[in-house]
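Comments concern the structure below.
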Amino acid sequence: MSWCVGVRLVAATVLLLSVLRPIPANQTIITLPNTSGIDGQLTANLGVDHFFSLWIVFNNDDVQISDESFTILAPKNTAIIEDDGLLHHPELVRKLLMDHVVLGPHLDVDNVTSERSVTTLGGRTFTLSPAKEGKLRANGANILETKLIRPNGLLVVLDNYLFPDDLELKRNKTKTSVVGMIDVVNVKEERKTKTSNATFIENIMQVLSLLKSGVRVFQHFLSRSNVSKLLTDDEEYTVFVPTDHAFQRWHPIDWGFYPFSVPEFTESVIINHFVKGNLKQDNIKSGHVAKTLGGREVVFKKAPNLTVNGASVVKGDTPLPKGNIMFISEVLFVSESVVSRLHQQHRDKETPPLLAFPWFGAQFLSHAFLALERDRRFSHITRFLNLADLAPHVSGTGYTFFVPTDTAFEELGLDKMPDNYLSTGEGLEILLNHFVKGRLYDRDLKDNTTLTTLGNKTIHVRRSKENVTINKADIVESEVFVYNLGTMFYIDKVLFANTEFLSLTKAAPLETTTPVLATTTVAQKFTTKEVEAVPEELTETGGSLPDVLFADAEFKNDTTDVPESTTNSDANSIRIK
């Protein structure tokens, strides 16, 4: 392994250790886009995986994930970072990454005809400008490719960084090699000390981060769990780490319910992958039973290969200073029946299919419309929605819709009005006054709560043991979830409307006597917040079970960068003594 590659590997290790330190109380919360739709296989195919590997710097930061649309401008692997020492400075890496992210509507890179200034998440401004032969440039970098990331992201591939001058650390370049070698020696000593003093969780995170791929999902969930609070310094532990393939079994194809989108369930699963005691594979007897930190039992069998609760154990222990890691082929305590029951309890976590019809840019409105259309109690609201130009006002996702039943419209004589009676002017405002921004649950409708509608009216909530009223309307059915896009509450009156007011509302003449289902009336791009991002973890595709557990090639071939480490020839794992 070359000296330069060794510097990169050791520096990356120091970077990981630095982000595992406790978060200062006064640290600012960082807002990042939800990048769950960008998996390792995609970044590798596009040749930008080096850039995305730097995102581990945010692992233990106080981070807030935004579901807002985003654009990430990712430099190709061939782009040069002038100074390897950058990896010693996580604050610079954070700045570098945030200066390549734009939150908000996607950059319309296909229609740039003149220079345009764009502000990044890090506060820097770069220029989009057309170049010769129909190409486009971002600052001095050429845009090579764009990739739409479902449901609300855009990935733009560049041939260089947006602000390449920022990548040079201010030091004497003539002394780089000497200083660099001194840094390597100091880093090794520092790492050796920190490893011996680290907690069991920190040691696990360190090992998982050094693996090239295959265990990122568990690492992600572990970093957000409270398992460390259940561990004591005077105990040793064994952790069973499922591979990414094990988690992928429960990942819906395109849309559906993902059980690990339920935080309390995920926390329980992670806790039940830890047992007390430093178990070794060679010493475990068939039939041995151990109890997890969550109180569940795991049973080992050897017939002929070792399994735990029926899940195959990858051969070879991965010892740590305070315990052991075993890699397994399945996620423990997750089954079809468990997931089915969880799904029934958490319909609000189900992700929807992407609809291009009736309103592509208004996913909540489209799915709500189709759901109501199938229910005979809502023939009037659907015919009025059909001809009202609501999509620009209710675009994207994240809404609560108070839906009047047919009897509510009939009370006002609206059942006799034409379909376009509420399509414009004050009639349109009546419809808008049934929508509230934000996805509300029944628990949010507390007594004396006030809500502001999209028509800028105020709704007053009154709650008693018997019922909940919205202004003078009773809620007749609560929490009708429109996937994870929003919520509907069915009510028995039309809000902010009476017969006197409606008599003044003029309906525009119909151009046809046949109801015409609404077509797309907004731009065929996501321009606002879209589907609640699920899941939040990184996913990995390809490779067989043992293969995905190999360490990075440079690390595997030169163990001098990890003091007192050895490699088990029988196991695709890393030993740290």
So, using side chain to side chain donor-acceptor pair (under 3.5 Å) as the criterion, who are the partners of Asn139 when residues are at least two apart?
none
Tell me whether Asp348 contacts the main-chain N or O of Asn484 through its side chain, where contact means a donor paired with an acceptor under 3.5 Å.
no
Take Leu158 and Asn160 through the test side-chain contact (heavy atoms from CB on, under 4.5 Å) and record every step on the way to the result.
CA-CA 5 Å; Leu158 307 177; Asn160 201 1; 5.9 Å; no
Indicate whether the side chain of Ser464 and that of Asn467 have a donor and an acceptor atom separated by less than 3.5 Å.
yes
side-chain contact (heavy atoms from CB on, under 4.5 Å) partners for Ser225, two or more places apart:
Leu222, Val227, Glu267, Ile270
Quick one: does Asn272's side chain have a donor or acceptor within less than 3.5 Å of a partner on Ser268's backbone?
yes
Ring centres under 6.0 Å, that's the criterion: do Phe402 and Phe435 meet it?
no
Taking Arg347 first and then Glu350, would you say they form a salt bridge - that is, a charged N and a carboxylate O separated by under 4.0 Å?
yes
The residue among Val339, Val269, Val338 that forms side-chain contact (heavy atoms from CB on, under 4.5 Å) with Pro259 is Val339
Ignoring hydrogens and geometry, is there a side-chain-to-backbone donor-acceptor pair from Thr120 to Val102 under 3.5 Å?
no
Is it the case that the ring center of Phe369 lies less than 6.0 angstrom away from the ring center of Trp359?
yes
Between Ser340 (side chain) and Glu336 (backbone), is there a donor-acceptor pair under 3.5 Å?
no
Are Arg383 and Glu373 close enough for a salt bridge, meaning some N to O gap below 4.0 Å?
no
So, taking the atom named CG in Leu428 and the one named CD1 in Ile430, what distance separates them when rounded to the nearest 0.5 Å?
9.5 Å
Any sub-3.5 Å donor-acceptor pair from Asp474's side-chain atoms to Val476's backbone N or O?
no
When you measure from the side chain of Ser69 to the backbone of His106, do you find a donor-acceptor pair of N or O atoms at a distance under 3.5 Å?
no
Can you tell me if Asp159 uses its side chain to pair, donor with acceptor, with the backbone of Asn142 under 3.5 Å?
yes
Compute the centroid of each ring, for Tyr421 and then for Phe384, and state whether the two points are separated by less than 6.0 Å.
no
I'd like to know if the side chain of Asp406 pairs up with that of Ser379 as donor and acceptor (distance under 3.5 Å, no hydrogens or angles considered).
yes
Candidate pair Leu136 and Leu128, rule side-chain contact (heavy atoms from CB on, under 4.5 Å), full reasoning
CA-CA 7 Å; Leu136 189 66; Leu128 278 178; 4.1 Å; yes
Does the ring center of Phe489 lie less than 6.0 Å from the ring center of Phe401?
no
Applying side-chain contact (heavy atoms from CB on, under 4.5 Å), run through Lys349 and Tyr258 and close with a yes or a no.
CA-CA 8 Å; Lys349 297 294 184 183; Tyr258 183 62; over 6 Å; no
Side chains of His245 and Arg249 only: does a donor on one sit below 3.5 Å from an acceptor on the other?
no
Those residues at least two apart in sequence (or on a different chain) that pass side-chain contact (heavy atoms from CB on, under 4.5 Å) with Arg463 are Asp442, Leu445, Asp447, Val468
Does the Lys NZ or Arg CZ of Lys437 fall within the cation-pi geometry relative to Tyr399 - under 6.0 Å from the ring centre and within 45° of the axis?
yes
Step by step, would you call Arg216 with His220 a side-chain hydrogen bond (donor to acceptor under 3.5 Å, both in side chains)?
CA-CA 6 Å; Arg216 292 184 181 180; His220 173 85; over 6 Å; no
Give a yes or no on whether the backbone of Asn456 and the side-chain of Thr452 come within a donor-acceptor separation of less than 3.5 Å.
no
Kindly state whether the ring of Tyr441 and the ring of Phe481 have centres lying under 6.0 angstrom apart.
yes
Checking Phe364 against Tyr483 for the ring pair (Phe, Tyr, Trp, His ring centres under 6.0 Å) test, could you report, in this order, the C-alpha distance in whole Å, the side-chain angles of both residues, the deciding distance, and whether it holds?
CA-CA 9 Å; Phe364 168 74; Tyr483 296 98; over 10 Å; no
Scan side-chain atoms only and decide if Asp49 and Thr43 contain a donor-acceptor pair under the 3.5 Å cut-off.
no
Are Ser335 and Ser337 linked by a side-chain donor-acceptor pair shorter than 3.5 Å?
yes
